[in-house]
Structure formats: structure tokens, C-alpha cells
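Here is how names work: the chains are called A, B, and so on, in the same order as the sequence lines, proteins then strands, and each is numbered from 1.
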Number of protein chains: 2
Amino acid sequence: MDQVMKNTGVLPDVDLRLSALQKNERRNQGAALEVYERLRRAIVEGELRPNEPLIEADLAKMLNVSRTPIRESLQRLAADQLVTPRKRGWAVREYSVEEIRERSEVRAALEGYAARLAATRATDDEIAAIASIQDERDGMTELTPAYRVESNRRFHDAIIAAARNTRLADDIFRVGQFYFNRHIAGLTTAEEQKLNQHDHREIIAALVARDARGAEDAMRTHILNAFTVFQRIVGF
Amino acid sequence: MDQVMKNTGVLPDVDLRLSALQKNERRNQGAALEVYERLRRAIVEGELRPNEPLIEADLAKMLNVSRTPIRESLQRLAADQLVTPRKRGWAVREYSVEEIRERSEVRAALEGYAARLAATRATDDEIAAIASIQDERDGMTELTPAYRVESNRRFHDAIIAAARNTRLADDIFRVGQFYFNRHIAGLTTAEEQKLNQHDHREIIAALVARDARGAEDAMRTHILNAFTVFQRIVGF
DNA sequence: GTGTACGAGTTTGCATGCAAACTCGTACAC
DNA sequence: GTGTACGAGTTTGCATGCAAACTCGTACAC
């Protein structure tokens, strides 16, 4: 499957925004954080290939810094699970199908719970705003893959924000919605897009009804459906 | 509340085991990982106080290494949220009530989901083993706080293992069951212990019945109950 | 007494140094 | 041809160096 990923260029487009925590750290950790971000991007966009050994001196030269900030960044990347230890040093981590299934389950658990909390804690205005993100989308005649990714992200982020739990938000961010990117978005069938729209509408309906369990179930179903689509596209 | 924590010595006793991921890294990252563990322990056991600035040179002297492995460890500790950036360098992170509530919610979401998966995926033997952990405990005449903590940990770990999702297990480990330690265990009332036992029995009953939703709900209730007990004890 | 400016001392962030561990190709034995 | 032993070259892990940024106490102005 990593072969498939390589060939279809499916890896890229992870959400590269810094988490709230990381932003907070920008204050002092100047170059080291910059290095971390750039290495993260390089891995995530596939410039550094899965299983590729990461030679500190090479990375240092590539980013025009010394080995010290590189080594510190590698610690962070290891905590993110983007990099994995070898007998000596580090290599880019390769994700198996099994791991992507596991991540989908974790995301279903966390984001489902976020939807549950949102059903109780969101203001009416917030729920209206969530619905309007979907309305805007449904009202458009032409949907580019980039727009679909972006709109989807706003939809999910708005629900997560309404859950009022920054730690939960951060953990959802960490587990990553890395598999819905432009490339994938461009390969979904009309039917799959219809299902996606249906899922979103179910979630909104539950939120409007302030139905916590319903919102949670709908969100879980949605996330596991997205995983199924992902599986079909990358072909396992 | 951090004042309360200081006075009651409530901070200690976080689970100091390395996660599966960390163990894997032991191979190459020798001293640096050792340093990380020792700093983690020092923070978690309260040797390094919340908001205490962490002076690299002092830590280096204290652990008898140079500043380099200290700095690398600080990156890991930051990823764990045990350490927080200051204008210059780092300080031990202080948890607010609000953050502990947030963590409890995340743990309820993740560990509830683990119970759900366990209800479907556990073998009959695994469920029997989970039940027997509780049977052993209920059959004892005298329960020391240390035993209660240890038995509780085995109970939860067995359920998590039966969920067959290592990423989920790792995330549960990360969010930490830091608030149920010996000190807290020694301060619970007979009534609270009764409730705890009841919660565990409910979870077991749902697992035996292979009732996924029931197991999830019971686990969530249990975790949120534990948070309530924690709140009472540390007194907010 | 209150406020501010200076400077010695501290501490960081990054670069560099260096020995030990590992890798890998060559050559030699059989 | 297959296997192994050696050693040059590479790369790491940790230590140390050093300039820049910050801290904090003292002294001086008002």
C-alpha cells in the first residue's frame, strides 16, 4: 500500500497548521521550530520518502542549519510518529493499512465525542454557522477538489471548536485527517460525494435537535465511511 | 488547586512505564531516553515543582550529562505537555482544574471506545481474565491503596489490550491516568470504593453480554465518576 | 520615595568538536 | 564461487564553545 501511495501521490496534504500548543512555543523556539515545520512538511508531502534514512548532516545542509536543531526536531517528529528509530538514527515512518485503520478508529472515538459535546455545548449561532458551511457547499454548482477539502475542514473544525475542549481538539489534530487530501478528493465518485453530503446533513440534523448520542453516532459513521472511501481509492 | 496538590502531595504516581513506542526507541537513544525518563519522573513525582523554571545547566549537573541530551529530552517532555515554554527556556507545566476536566473527557472518549471494541473483539478467555482481576480484588479482606491502584491498572489495561488497537492504547497512555495514585486511593471513602466496584462490575457485565454500547457507556460513567472523586479529594 | 538606566552575571540557542559505533566494499582464504 | 575479515569512511551521541538575549541588582536622578 505504501507502493500505492507512492504511485498515486496520496501521502501529501496533511494539515500543516501548527496546533495551539505549537503556536505557543513559537515565541522562544525560533529556528528549531522552523526546522521542525519544514521537516514535517517534507515528510508529509513525500519529499522525504517512507523508510528513507534521515542523515542529520544532510538535513542540516538542506535546511542550512547545524545538526543541533535538526536533532531536536527529530525528537518532536518522533513524538508525532512521523519518524521512527532505526538501529542508528531515524527513518521516515511508513504507515501500514492496519495503522490507518487504527487511526480512523481513534479519530472516530475522539471526533464522535466532540460532536456529542457540541450537541450540548454549542450556541445556536454556532450550530447555524456549521449548517451554513454545508449550505454554501451544497449551493455551489462546481466543486473543485481543493474547495471540497477546505470546506470539509471548516465543517469539522467548527464542530470541534463547539465542543469546548482544547485538549480534545489538539488530540484530534494530532491523530490527523491526513487521508482526505486534494488528490483523494479528486478521485471520489459522485455516489461517494452524495454519501458524504448525506453524512454531514445527518450530523447537522442531530446538532440542531441537540441530540448528543445522535450527533456522536452520525460523526462516527461519517468518519468510518470516509475510511472506506479511502480504502477503495488507494486500492486495498 | 496546584497549592492543594503541593500540600497533599497529590501529583505523584503517574504511570511511569514507557509506552510501546518509547520502548522501541530504547534501542538507539540511550542516555537521552534515560534522561527523558528521569526528568519525567522528577516532574511527575513533584521533585520539580509546577512553574519551576528548568535551567539546562542545573538539570545537566543533576543528571550528570551535558546539556545536549537535556535539551533533546525537553522536546519530548514538551510533546507530552509536561513542560511549557517560557520567554526563555522551559518550566514545569501546571495543570488547572479545567485541564484535568478536559483530560478526563478525552480519556472517557478513548477508553469508552476501547471498551466498546473489547466487547466485540475480546476472546472469551480475555473477558474471563478481566473478570478474574475484579474477583481477586473483591475476594480480598484487606485492600491497601497500593494494591487498589495496581489492580485498577491491570483491569483497565486488560480491557484496552482486548480492543486490539495499539494506537488507541498509546493515546490512552498519553492522556494519562495520572490522578489515581496511592495517595488518592488512600483518601477514598468506603462509599466511593463501593461505587468503583459497582462500575467495574457493570463494565464486566456488558463485556460478558457482548454489549458494545453498554460497555462503552459503563466505562465512560466510570471514568467521569473517578474524576468526581478526584475533585472531591483535592477539594475544588 | 519612585522611577529608570546601566552593566555584571546568567542562560539560552545554535555551532562545532571528537571518540565510539556502525557500514560497506575489497581482498583474501578455501 | 562463497564466505569472512579487515579497514577506510560514515554517522551518530554526547560534550563543549561562544555570541546574543535576557535578568536582576545597584546606583543615580528627580
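Taking atom CG of B:Asn64 as the reference point, atom C1' of D:dG13 lies 16 Å away to the nearest angstrom. In this structure, the CD atom of B:Glu56 is 14 Å from the C1' atom of D:dA15, given to the nearest Å. When the C1' atom of C:dA15 is taken as reference, atom CZ of A:Arg71 falls 14 Å away, rounded to whole Å. Distance A:Arg86 CZ to C:dT23 P: 12 Å, rounded to the nearest Å. Between A:Leu63 atom CG and C:dA15 atom P the separation is 11 Å, expressed in whole Å. Look at CG on A:Leu54: it is 12 Å from P on D:dT11, rounded to the nearest Å. Going from atom NZ of B:Lys61 over to atom C1' of D:dA15 covers 15 Å, rounded to whole Å. Summarising the geometry, the separation between CD1 on B:Ile55 and C1' on D:dC24 is reported as 14 Å, rounded to the nearest angstrom.
Although no hydrogens or angles enter the test, the distance criterion places no donor-acceptor pair under 3.5 Å between the side chain of B:Ser151 and the main chain of B:Tyr147. No side-chain donor-acceptor contact under 3.5 Å links B:Gln75 to the backbone of B:Glu72.
In terms of heavy atoms, B:Met219 sits closest to B:Ala115 at CB-CB, 3.8 Å.
Checked for salt-bridge contact, A:Arg41 and A:Glu37 miss the test: no charged N lies under 4.0 Å from a carboxylate O. Here B:Arg103 does not pair with B:Glu98 in a salt bridge; the nearest charged N to carboxylate O distance is not below 4.0 Å. At a threshold of 4.0 Å, the pair A:Glu105-A:Arg220 does not count as salt-bridged, since none of the basic side-chain nitrogens sits closer than that to a carboxylate oxygen. Under 4.0 Å is where a charged nitrogen must lie from a carboxylate oxygen, and between B:Arg76 and B:Asp80 no such pair does. A salt bridge links A:Glu216 with A:Arg116: the distance from a Lys NZ or Arg NE/NH1/NH2 to an Asp or Glu carboxylate oxygen falls below 4.0 Å.
Secondary structure note: stems in DNA chain D built from 3 or more consecutive Watson-Crick or G-U wobble pairs under 3.5 Å occupy C:1-30 with D:1-30.
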Readout for nucleotides 16-21 of chain D: B = base within 4.0 Å of protein heavy atom, S = sugar-phosphate only, - = neither; 5' to 3' it is BB--BB

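Under the side-chain hydrogen bond (donor to acceptor under 3.5 Å, both in side chains) criterion, B:Glu99 pairs with B:Arg93, B:Ser96, not counting sequence neighbours.
Residue contacts for A:Leu74: at a heavy-atom cut-off of 4.0 Å it reaches no nucleic acid atom on any strand shown.
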